[in-house]
Amino acid sequence: MTKYIFVTGGVTSSLGKGIIAASLAKLLQARGYKTTIQKFDPYINVDPGTLNPYEHGECYVTEDGAETDLDLGHYERFLNTYTSQANNVTTGRIYQHVINREREGAYLGKTVQVIPHITDEIKRRMQLLGEKNVFDVVITELGGTVGDIESLPYIEAVRQLKWELGTGNCLVIHLTLIPYLKAAKELKTKPTQHSVKLMSENGLTPDILVCRTEEPLYKDLKRKIALFCNVTVDAVIEALDADTIYGVPLEMMREKLDVISLQKLNMPLGTEPELGKWKEFLNKLRYPKSKVTIGLIGKYVELQDAYKSILEALIHAGAMNECKVEVRNIHSEYLTRENVMEKLQNLDAVIVAPGFGSRGIEGKIDAIRYVRESKIPFLGICLGMQMACVEFARNVLGHSKAHSTEMDPDTNQGVICMMEEQKSITQKGGTMRLGSYECQLQEDSLSYRIYGSTRIEERHRHRYEFNSRYADAFREGGMVPVGHNPKTNLVEIVEYKDHPFFIGVQFHPEYKSTVENPHPLFTAFIRAAKDTHENRNGILIRSFENVAEPK
Ligand code: GLN
């Protein structure tokens, strides 16, 4: 029988529920248990696909094309397994389902209410992944903070489920904050006491408390927390601020979060977690031998969460190369033809980020021209690839009006244009080209040497595509379409030949980079950045030819 663990949050948001959930999942997985994580978000959007990154950070895309919360990215990066549409549910989706059923007459004239109809639907969805008989443990992270009005139906659903499934089959972990008051030199437990009290007013008591803290929790304090919050002392887990999120699984192992969870679920402990590869990664991450500086050009750069998966993929690739990756955020809105050299010349490589709409677009194009001409390694992701095509069409092929029809719907030089099947779509959510698609690579390409295979699969999230009318001119001019969708022949990758590393990808490689499987494109990109760095400092030890070797 599948066991269920729920992770709730107290006191404040941003305590890192996703990381704690992913760390526990990692430890259980490393003990041999098949584990998955799902996230329930209490907002009314049906999914985060329509949310501006300023609202909720990056929208993460799964293999099956679900637009999801960025925490699913952490789950995949930690567990090295795929998630799916079923792993992310919002209040909007729950209500949409219940209201649709009401319109179909499914409730036979009953008054449709939060309890039981909404809570029943929440409970049904909480158990969907567990019913597949694939997982030993399903961890559910509840978005929001205990005490929020919108979280109430979820807390109520967990209360009911805990009772229905019975002790030993279901566990509630509450993540809370123990603030340190510098002036008093004291750790304070009161906010946690209040948060647990708030939960118990709603009939739910936590079995384990994970306490975020800047200072170690001494024994007496743990005892005090246990006493006030109705948990055993060994169920008070210290979660000290970590230097990297990837250190948290080992911290949780030291605190025995996995052991106490398994004991409370009446599950055998199994073997000690096998985390050899993970530790190797951490070692490389913590003790780099060199350093590169990467420019990340986008319009949401002031918000770290907006490009979460790209930043994490760079961390994975840096560790692979035993190289510290410093990311310099560059706001595309403030880039101009006049200042682009000053801002980019000292960078070892540049990424132009994905995005929508025309804000900051000319800055991206100016930046791409500069890195193309000055041979700074370049990776253009989705919109970044599209703008690399626009830049090339304008400045090399001489099509001065070239643009994407997203930004200039009237241009007659639309090198990037909307796919036919997209044109009639008016609904916003879930209507882009989404999820995993195959791509066929040309054998004489850098991409082939990087991937070491002619067939790859990558995830997409966009409406516009390269206009194949321009393919021959691009090829002849040196910007070669080297990756195609084998079914539709859509261009998925372009490479500029007269350059050590200039790759534009229509897909999002960042979604598939994990700790145990850093993405080859990012790994090769960092390697090219290292070469640029060494070259600039007169210590180049290898030629760009060796940027990537086939596997
Ligand atoms: N706005 C572009 C499109 O829809 C690119 C999207 C993206 O970068 N994810 O095609």
Side-chain angles (χ1 to χ4, degrees), residues 47-63 65-68 70 73 296-301 303 305-311 313 332-333 350-365 367-368 378-391 393 402-409 411 414-437 439 458-468 470 481 483 485 488 490-494 503-513 521:
D47 61 43
T50 53
L51 285 170
N52 182 316
Y54 286 123
E55 294 285 319
H56 213 69
E58 165 190 277
C59 172
Y60 185 77
V61 178
T62 57
E63 282 291 289
E67 296 177 286
T68 71
L70 58 77
L296 175 62
I297 302 180
K299 64 173 174 176
Y300 304 112
V301 286
L303 188 91
D305 277 356
Y307 302 114
K308 195 79 200 157
S309 294
I310 294 179
L311 296 178
S332 52
E333 245 184 319
V350 163
I351 290 180
V352 174
F356 296 83
S358 43
R359 187 164 65 96
I361 214 73
E362 292 302 321
K364 288 186 177 172
I365 296 172
I368 294 168
F378 166 78
L379 180 60
I381 302 177
C382 208
L383 183 67
M385 172 268 197
Q386 297 177 349
M387 288 310 112
C389 295
V390 169
E391 186 278 321
H403 219 321
S404 162
T405 54
E406 178 180 5
M407 289 83 196
D408 183 359
T411 181
V415 286
I416 304 295
C417 57
M418 195 181 262
M419 285 177 288
E420 266 324 300
E421 55 272 34
Q422 281 285 336
K423 286 185 180 158
S424 55
I425 297 174
T426 50
Q427 285 253 4
K428 284 286 180 239
T431 54
M432 291 186 232
R433 172 145 86 108
L434 285 167
S436 183
Y437 285 87
C439 173
E458 292 283 6
R459 299 182 198 170
H460 291 248
R461 181 177 187 247
H462 54 102
R463 287 200 173 82
Y464 295 82
E465 303 282 350
F466 179 82
N467 183 345
S468 56
Y470 291 89
N485 180 312
T488 57
L490 287 168
V491 171
E492 313 284 40
I493 308 178
V494 292
I503 299 181
V505 290
Q506 185 58 86
F507 47 79
H508 291 260
E510 70 274 20
Y511 292 145
K512 284 179 80 167
S513 185
L521 209 47

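Both counts, for ligands and for their atoms, begin at 1 and track the order of listing. Just so we're clear, the structure is a prediction, and the values are computed from it rather than from any experiment. Note: hydrogens, waters and symmetry copies are ignored here, and every other heavy atom, side chains too, is used.
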| query | Can E67 and R461 be counted as an ion pair, charged N to O under 4.0 angstrom? | reply | yes

| Pair E391 + K364, salt bridge at N-O below 4.0 Å | no

Does the side chain of [X] pick up a donor-acceptor pair with the side chain of [Y] at under 3.5 Å?
X    : Y    : result
R433 : Y464 : no
T431 : R463 : yes
E458 : S436 : no

| remark: Here the gap from L296 atom CG to S332 atom OG, rounded to the nearest 0.5 Å, amounts to 10.0 Å

| query | What distance separates Y60 OH from R459 CZ, expressed to the nearest 0.5 Å? | reply | 4.0 Å

| request: Answer with yes or no whether H508 contacts ligand 1, where contact means a heavy atom under 4.0 Å from a ligand atom. | output: yes

| query | Of all the heavy atoms in Q386, does at least one lie under 4.0 Å from an atom in ligand 1? | reply |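 Contact check Q386 vs ligand 1: positive.
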
Note the single closest protein heavy atom to [atom], along with its residue, its atom name and the distance in Å.
atom                    : answer
atom 10 (O) of ligand 1 : Y464 N, 2.8 Å
atom 2 (C) of ligand 1  : E406 OE1, 3.2 Å
atom 7 (C) of ligand 1  : C382 SG, 3.0 Å

| Which of the ligand 1 atoms, numbered from 1, are nearer than 4.0 Å to a heavy atom of H462 |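 It comes down to these atoms of ligand 1: 3 (C), 4 (O), 6 (C), 10 (O).
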
| Taking only heavy atoms of R461, which atoms of ligand 1 are found under 4.0 Å from at least one of them? | 6 (C), 7 (C), 9 (N)

| query | Would you say P354 and ligand 1 have an N/O pair spaced under 3.5 Å apart? | reply | no

| R463 to ligand 1: N or O pair under 3.5 Å? |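 Looking only at distances, the answer is yes, because the N/O contact criterion of under 3.5 Å is met.
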
| task | Check each of G355, G298, A353, S404 against atom 6 (C) of ligand 1 and report the one with the nearest heavy atom. | result |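 The nearest heavy atom belongs to G355.
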
